[in-house]
Amino acid sequence: MIDYKPFWETLRQSDETTYTLVTRHKISGSTIDKLRKNKPVNTTTLDGLCGILECTLEDIARYVPDIGKDVSGTEVPGNTPKDGEG
């Protein structure tokens, strides 16, 4: 899954806030909510955030493997972590 935890740290270290992203840079409130909930965000939005925050994609998002799930997010039988392994 894509995790946006780096975005929040980058935002905190910048001169921007969620308020300025919405009001000054016209990032929608629903996009901020998607980032908060680690929901899919399109690459155009990620590109815009990199430009606003003057950072790289790695400063906004990171990949975290979904152990035991296939590409659609469905659990794969026999491929889930055992108790104490994950």
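Positions are given from 1 along the sequence.
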Quiz item: Should Ile2 and Phe7 be counted in the same cluster of Ile, Leu, Val, Met, Phe, Trp and Tyr side chains packed under 4.5 Å apart?
Solution: yes
Quiz item: Near Glu54 CD, under 6.0 Å, is it more than 12 heavy atoms from other residues, nucleotides or ligands?
Solution: no
Quiz item: Can you tell if the side chain of Leu49 reaches within under 4.5 Å of the side chain of Leu35, non-hydrogen atoms only?
Solution: yes
Practice problem: Output yes when a side-chain donor or acceptor of Asp3 lies under 3.5 Å from a complementary backbone atom of Val64, and no otherwise. | Solution: no
Quiz item: Got a donor-acceptor contact below 3.5 angstrom from the Thr23 side chain to the Tyr19 backbone?
Solution: yes
Quiz item: Can Met1 be reached from Leu57 by stepping across I, L, V, M, F, W or Y side chains whose heavy atoms are under 4.5 Å apart?
Solution: no
Quiz prompt | Between Asn42 and Thr45: side-chain donor-acceptor atoms closer than 3.5 Å | solution = yes
Quiz item: When you look at Val22 and Thr31, which way does the side chain to side chain contact (heavy atoms under 4.5 Å, CB included) test go after all the steps?
Solution: CA-CA 9 Å; Val22 171; Thr31 296; over 6 Å; no
Exercise. Mind running side-chain hydrogen bond (donor to acceptor under 3.5 Å, both in side chains) on Ser30 and Asp33 for me, showing each step along the way?
Key: CA-CA 5 Å; Ser30 65; Asp33 192 52; over 6 Å; no
Quiz item: If every non-hydrogen atom of Lys34 is compared with every non-hydrogen atom of Pro40, which pair is closest and at what distance?
Solution: CD-O, 3.4 Å
Self-check item: Sub-4.5 Å side-chain heavy-atom contact between Ile60 and Cys50
Solution: yes
Quiz item: Taking side chain as C-beta onward, heavy atoms only, is Glu9 less than 4.5 Å from Asp59?
Solution: no
Practice problem: Run the numbers on Tyr4 and Lys39 for side chain to side chain contact (heavy atoms under 4.5 Å, CB included), then give the verdict. | Solution: CA-CA 9 Å; Tyr4 297 109; Lys39 299 293 182 186; over 6 Å; no
Quiz prompt | Spacing of Leu53 atom CG and Asp15 atom CG [to the nearest 0.5 Å] | solution = 10.0 Å
Quiz prompt | Expected output: side-chain Thr20 to main-chain Glu16 donor-acceptor under 3.5 Å | solution = no
Quiz item: Say you draw a straight line from OG1 of Thr10 to CD of Glu58; how long is it, rounded to the nearest 0.5 Å?
Solution: 10.5 Å
